[in-house]
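Okay, so here's the structure we're looking at.
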There are 2 protein chains.
Amino acid sequence: MSIQSKESVKVAIRATGKIVTMKDVARASGFSPTTVSIALNDAPLARFLPEETKSRIRLTAETLGYRPNPFARSLVNQKSQMIGLMVFDVMDPYCTRIVRGVESRLFESSYVPVFTDAHNDADRFEQYLKMLLDRRVDALIIIANWLALNNKILEMVERRDIPNVLIGSGLSTSSISSISFDNEEGAFLAIQHLYGLGHRKIAFHRGPSKLWDTAARWNGIQSFASLKGLEIDPDLVVSLRDSETSIDSFEGGYRSVRQLLNAGKEFTAFMAFDDLSALGAIRALKESGREVPEDCSVIGFDDIPAASFCTPGLTTIRQPMERMGSEAVDLVFQQIHQTTPSVTRNVNAELVIRQSTAQLPG
Amino acid sequence: MSIQSKESVKVAIRATGKIVTMKDVARASGFSPTTVSIALNDAPLARFLPEETKSRIRLTAETLGYRPNPFARSLVNQKSQMIGLMVFDVMDPYCTRIVRGVESRLFESSYVPVFTDAHNDADRFEQYLKMLLDRRVDALIIIANWLALNNKILEMVERRDIPNVLIGSGLSTSSISSISFDNEEGAFLAIQHLYGLGHRKIAFHRGPSKLWDTAARWNGIQSFASLKGLEIDPDLVVSLRDSETSIDSFEGGYRSVRQLLNAGKEFTAFMAFDDLSALGAIRALKESGREVPEDCSVIGFDDIPAASFCTPGLTTIRQPMERMGSEAVDLVFQQIHQTTPSVTRNVNAELVIRQSTAQLPG
DNA sequence: TCCCGAAGTTCGATTTAAATG
DNA sequence: GCATTTAAATCGAACTTCGGG
């Protein structure tokens with residue numbers, strides 16, 4: 001009786017916001033904390049507990065509104081059930097869709113992402129890395145491009161020996177996993193598309209030399225060119241500057257096309273480094289009185305959201321970013337659960353045809 | 001001597017990845033764990049410790065590479081140093097910039113955001129809410145629009161009595177803080193701009209009735225109209241459907257304009273509900289052979305990134321989203337540190353003039 | 001010996017109350 | 001009694017070991 005009345009007090013306390021602990025469940029159910037723990041976690045020993053006991057414990061836990069304290073739990077098993085998500089720039093539409101992919105897959109699990117954004121700055125990245133490590137995240141998912149190549153950072157990750165995966169960088173070592181996109185194939189598809197529409201005088205926009213992707217895409221272009229005997233006019237090749245951050249590439253595309261136009265170069269198609277620079281290119285073309293795609297076809301790379309929202313819709317090479325995100329999660333889970341060695345997984349490119357490219361008249 | 005050699009063993013162990021605890025620092029420095037804790041945290045009692053002691057402890061902690069275990073710490077002081085960030089849809093460009101704002105301000109503190117994305121789904125939102133609460137986040141920052149109005153959810157937040165702030169919803173109660181945007185002012189500025197350019201036959205695009213913003217913006221429009229004696233032709237008012245999620249509004253804008261055009265309505269300007277629907281409107285106009293802004297001016301709302309990347313650049317009402325994000329952080333910190341009551345803070349609208357609006361000829 | 005259940009230790013810190021010279 | 005330092009309790013759960021029927 002007195003126990004009963006104590007319990008109703010407890011329930012009243014909970015309603016006022018007090019936290020219910022396992023001990024409370026134990027008291028209320030009449031079992032010891034040990035038994036409660038075993039029952040609620042379906043621990044190995046739980047097979048010896050009669051169903052009656054287990055269900056009674058579960059019931060009281062339920063009615064008391066018991067929720068295990070994650071800190072206590074993490075303290076004993078040394079797992080945070082959190083994964084560190086490191087992005088180089090959320091404002092970059094490229095990141096956004098990857099984040100979505102990561103989040104979606106993570107939601108199905110009991111893990112939760114701790115979000116960090118490096119603002120395209122290596123120092124900030126490093127600080128965040130330390131923070132995440134201090135917080136004992138169970139794994140690291142890194143969306144890196146410009147700054148991924150900072151060796152100091154990679155070494156930090158390697159030394160900690162923490163499950164990890166790099167998204168969107170060709171790099172991978174014996175202790176660093178990565179999801180990489182087939183840039184070469186993507187560029188090949190892009191130029192193939194333009195070529196198929198009859199274009200021969202194509203202007204090319206190379207990315208920043210610092211960026212891994214640049215070389216790979218250029219290889220794709222060259223392999224198609226040599227396959228078809230297409231000549232690439234060096235005068236029609238412009239490069240994005242290294243200093244530019246991802247979001248600046250709009251400006252870069254704009255400037256590059258103006259530069260070509262001012263120099264009086266003739267071309268019927270422009271293959272941009274990415275979607276943002278393609279949009280910049282379109283702006284420059286329109287300002288000079290040229291219509292897209294009537295006077296000049298433009299093709300981008302990435303398939304960011306804006307590519308479909310602009311008019312004309314931008315033909316582009318789609319990176320399956322959401323899938324890259326979810327596969328990254330799969331990869332770190334493998335490492336967490338089965339201590340799998342690091343691997344590299346590759347995803348394919350896809351051509352998305354919209355309205356910015358058209359058959360060359362004549 | 002033997003102590004010394006033990007220590008070098010310890011250091012060797014650290015190099016192989018073993019974790020250094022406070023006890024290790026105590027042993028190595030020759031003080032008790034208590035003293036170490038006091039010294040490293042600059043606890044009140046630290047003022048009784050001689051500088052000599054403190055610095056020696058700090059030094060050994062440093063050389064041993066000691067990092068406090070966050071779980072143990074959280075366990076005693078019942079604080080996670082994490083804040084829950086709840087977004088209704090990361091893919092929505094509206095969210096992205098707010099996330100940046102939140103992250104930026106948070107970086108300066110020792111807090112870290114746990115990221116969740118509701119995918120515009122109330123159930124998913126609720127599940128995430130429970131997860132975050134179970135994880136004992138110290139506060140909640142919620143970017144909500146469509147689904148914020150779900151009372152069940154708000155009640156959950158209220159009952160938990162956890163520091164919180166809602167971004168982008170007019171709502172606020174005695175226990176829910178919010179950052180709200182002056183939609184009325186924004187809409188006023190927009191129509192004022194069009195009016196100032198000479199437009200009188202303006203088509204309006206109302207948002208979904210479910211959405212708080214819709215009514216506020218409409219008020220802004222009407223107050224300007226009555227101020228200037230401008231007549232609003234009911235035939236030129238179209239509404240976005242409720243079922244549409246944020247990202248669908250492109251389609252909504254497109255359909256609305258086609259609808260007007262098919263019905264043979266005449267208008268020289270179109271005031272969209274948001275940027276995405278404005279971009280949809282532009283597509284519809286161009287497909288019908290109308291040029292923007294020559295044949296029809298278009299104004300958006302929000303100032304998402306794509307607004308500046310498209311050609312013509314979209315004139316729009318800018319919501320200071322990054323600031324809203326960082327102010328949200330300020331608000332929850334106030335609640336965490338000084339247990340301030342809930343408040344509502346308002347931020348102002350700003351007109352951003354680009355190329356999609358022009359003086360009415362004649 | 002077989003269930004079933006519990007006491008006690010551990011995780012790594014913070015904090016109170018007390019002890020040392 | 002003062003200036004320093006520390007033993008011991010605590011946070012909440014998991015797990016190992018041990019005892020009673």
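Please read these numbers as outputs of a predicted model, since none were measured by experiment. Lettering follows sequence order; numbering is per chain, from 1.
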Please determine if a side-chain N or O atom of [X] lies less than 4.0 Å away from the OP1 or OP2 oxygen of [N].
{"X": "A:Asn41", "N": "D:dA14", "value": "yes"}
{"X": "A:Arg73", "N": "D:dG12", "value": "no"}
{"X": "B:Gln78", "N": "D:dG12", "value": "yes"}
{"X": "B:Tyr66", "N": "C:dG12", "value": "no"}
{"X": "A:Thr53", "N": "C:dC4", "value": "no"}
{"X": "A:Thr21", "N": "D:dG12", "value": "no"}
{"X": "B:Thr35", "N": "D:dT6", "value": "yes"}

* Asked: Any idea which of D:dT6, C:dG12, D:dT4 is nearest the A:Leu75 side chain?
  ->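 Looking only at side-chain atoms, A:Leu75 lies closest to C:dG12.
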* Any idea which of C:dA13, D:dT16, D:dG12 is nearest the A:Thr34 side chain? ->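 Of all the options, the side chain of A:Thr34 is nearest to D:dT16.
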Rounded to whole Å, how long is the line connecting atom [atom1] of [X] with atom [atom2] of [N]?
{"X": "B:Phe48", "N": "C:dA19", "atom1": "CZ", "atom2": "P", "answer": "18 Å"}
{"X": "B:Lys79", "N": "D:dC11", "atom1": "NZ", "atom2": "P", "answer": "15 Å"}
{"X": "B:Arg56", "N": "D:dT4", "atom1": "CZ", "atom2": "C1'", "answer": "13 Å"}
{"X": "A:Leu40", "N": "D:dA14", "atom1": "CG", "atom2": "P", "answer": "8 Å"}
{"X": "B:Phe31", "N": "D:dT6", "atom1": "CZ", "atom2": "P", "answer": "7 Å"}
{"X": "A:Met22", "N": "D:dG12", "atom1": "CE", "atom2": "P", "answer": "11 Å"}
{"X": "A:Glu51", "N": "C:dC3", "atom1": "CD", "atom2": "P", "answer": "16 Å"}
{"X": "A:Ile57", "N": "D:dA13", "atom1": "CD1", "atom2": "C1'", "answer": "14 Å"}

* Asked: Which residue, B:Gly30 or B:Ala72, contacts DNA chain D at a nucleotide closer to its 5' end, judged by nearest heavy atom?
  ->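 Its nearest nucleotide being more 5', the pick is B:Gly30.
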* Between B:Arg136 and B:Leu49, which has a closest nucleotide on DNA chain D that is more 5'? ->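 Going by which nucleotide is closer to the 5' end, it is B:Leu49.
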* Asked: Which of these, B:Arg97, B:Arg100, B:Arg105, sits in a salt bridge (charged side-chain N to carboxylate O under 4.0 Å, His left out) with A:Asp117?
  ->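 Passing option: B:Arg100.
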* To do: Return yes if some donor-acceptor pair links the side-chain N/O of B:Asn41 with the main-chain N/O of B:Ala43 below 3.5 Å, else return no.
  =>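 Checking the backbone N and O of B:Ala43 against the side chain of B:Asn41, no donor-acceptor pair under 3.5 Å is found.
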* Main-chain N/O of A:Asp134 paired to A:Arg136 side chain as donor or acceptor, under 3.5 Å ->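 Looks like yes, one N/O pair under 3.5 Å.
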* If you find the nucleotide of DNA chain C closest to A:Pro33 and the one closest to B:Pro68, which residue's nucleotide is nearer the 5' end? ->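 The residue whose closest nucleotide sits nearer the 5' end is A:Pro33.
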* Asked: Across the strands shown, which category fits B:Asn69 at heavy-atom distances under 4.0 angstrom: base, sugar-phosphate, nothing?
  ->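 Counting heavy atoms under 4.0 Å across all strands, the contact made by B:Asn69 is with sugar-phosphate only.
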* Have a look at B:Leu45 and say if it touches a base, only the backbone sugar-phosphate, or nothing, with a 4.0 Å heavy-atom cut-off. =>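 Since a base atom lies under 4.0 Å of B:Leu45, the category is base.
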* For A:Lys79, look at atom NZ and say whether over 12 heavy atoms of other residues, nucleotides or ligands are found less than 6.0 Å away. =>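 For A:Lys79, atom NZ is not crowded (no more than 12 foreign heavy atoms under 6.0 Å).
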* Polar side-chain contact B:Ser37-C:dA13 base: donor and acceptor under 3.5 Å ->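 By the distance-only test, no, there is no pair.
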* Under 3.5 Å, is there a donor-acceptor pair linking the side chains of A:Ser177 and A:Gln335? ->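 Distance-only check passes for A:Ser177 and A:Gln335.
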* Asked: So, are B:Glu51 and B:Arg58 salt-bridged, with charged N and O less than 4.0 Å apart?
  ->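 So B:Glu51 pairs with B:Arg58 through a salt bridge.
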